[in-house]
Amino acid sequence: MLICIDSCVFIRGFSHKQSDAQQLLEWIGPKTHLMIHRLIALEVMRNLPREDLKFFFGLFHQNPFAHIVDRPIPQGIVDQYIALGLAEKGDAYIGAFAEWMRVDYLISDNRHFLRELHTDAYRVLAPGDLLALLRAEGKP
């Protein structure tokens with residue numbers, strides 16, 4: 001399974017050590033691959049304390065199951081997400097990135113994604129919902 005995690009989930013996961021967001025980060029591995037865009041990494045960097053950044057980047061360092069993509073997101077896909085009503089400055093890029101990378105799930109606490117985004121390209125889930133799915137499937 002391929003997932004993309006929104007910056008708000010990373011920030012909550014590192015700020016609240018026993019949260020569902022933090023637990024989700026422990027599931028990254030052979031059966032749950034993570035793909036994020038550098039825009040997400042930059043947002044996390046702006047909002048996490050310096051001591052937590054080491055752990056954030058540790059998720060990606062020499063980890064074959066987690067990647068930060070630094071290529072430009074195709075503008076045509078971004079425009080589609082702007083037309084769906086997502087904010088041009090951030091959310092549209094994250095939604096477009098998830099489709100471009102063909103993720104199975106976009107994981108977010110963002111109400112705009114959870115309540116307002118309707119796409120057939122992937123499912124949008126809160127961290128707890130994906131955890132429940134992973135546990136039901138018995139994925140380590």
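Counting from 1, the numbers follow the sequence of the chain as shown. FYI, side chains are in, hydrogens and waters are out, and symmetry mates aren't considered; it's all heavy atoms of this structure.
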inquiry  = Would you say CZ of R46 has more than 12 non-hydrogen atoms from neighbouring residues, nucleotides or ligands within 6.0 angstrom?
reply    = yes
inquiry  = If I take atom CG from residue D20 and atom CZ from residue R12, how far apart are they, to the nearest 0.5 angstrom?
reply    = 4.5 Å
task = Give, for atom OH of Y105 and atom CG of L134, the distance between the pair rounded to the nearest 0.5 Å.
result = 8.0 Å
key: Heavy-atom pair of closest approach, residues A98 and L106   = CB-CB, 4.4 Å
ask   = Under the 3.5 angstrom rule, does the side chain of D6 hit a backbone N or O of S108 as a donor-acceptor pair?
value = no
query = Can you find a heavy atom in the side chain of F14 that is under 4.5 Å from one in the side chain of V44?
reply = no
query = Should I107 and D129 count as side-chain neighbours, where that means a heavy-atom distance under 4.5 Å?
reply = no
key: Salt bridge D104-R123, side-chain N to carboxylate O under 4.0 Å   = no
request  = State, to 0.1 Å, how close I11 and E43 come at their nearest heavy-atom pair, and which atoms those are.
outcome  = CD1-O, 4.3 Å
task = Report yes if some heavy atom in the side chain of M101 is under 4.5 Å from a heavy atom in the side chain of V69; otherwise report no.
result = yes
inquiry  = What I'd like to find out is whether the side chain of Y81 reaches to under 4.5 Å of the side chain of D91, using heavy atoms alone.
reply    = no
inquiry  = Side chains of L34 and H67, heavy atoms from C-beta outward: is any pair under 4.5 Å?
reply    = no
Flag if over 12 foreign heavy atoms under 6.0 Å of CD, E51 = yes
remark   = Interatomic distance, CG@N47 vs CZ@F56, rounded to 0.5 Å, equals 11.0 Å
ask   = What pair of heavy atoms forms the shortest contact from D52 to K17, and how long is it?
value = OD1-NZ, 3.7 Å
request  = Heavy atoms only: give me the nearest I73-F97 pair and the separation to one decimal.
outcome  = CD1-CB, 3.7 Å
Interatomic distance, L39 atom CG to Y93 atom OH [nearest 0.5 angstrom] = 8.0 Å
key: Contact summary for E88 and I82, nearest pair of heavy atoms   = CG-CD1, 3.5 Å
request  = Find the distance between CD1 (I40) and CD1 (I5) and round it off to the nearest 0.5 Å.
outcome  = 9.0 Å
task = Check whether more than 12 heavy atoms from other residues, nucleotides or ligands sit under 6.0 Å from atom CZ of F55, and answer yes or no.
result = no
request  = Taking H37 for its side chain and R71 for its backbone only, find out whether a donor-acceptor pair lies under 3.5 Å.
outcome  = yes
key: Considering all heavy atoms, the nearest P64-H33 contact   = O-ND1, 4.5 Å
key: 4.5 Å side-chain heavy-atom contact, D79 and Q75   = yes
request  = Check whether any side-chain heavy atom of L117 lies under 4.5 Å from a side-chain heavy atom of Y122, and answer yes or no.
outcome  = yes
inquiry  = Evaluate V124 against N110 for side-chain contact (heavy atoms from CB on, under 4.5 Å), listing each step before the verdict.
reply    = CA-CA 10 Å; V124 181; N110 182 330; over 6 Å; no
inquiry  = Can a side-chain donor-acceptor contact be found between Q22 and E26 if the only test is distance below 3.5 angstrom?
reply    = yes
ask   = Could you give the distance from NE2 (H16) to CD (Q23), rounded to the nearest 0.5 Å?
value = 13.5 Å
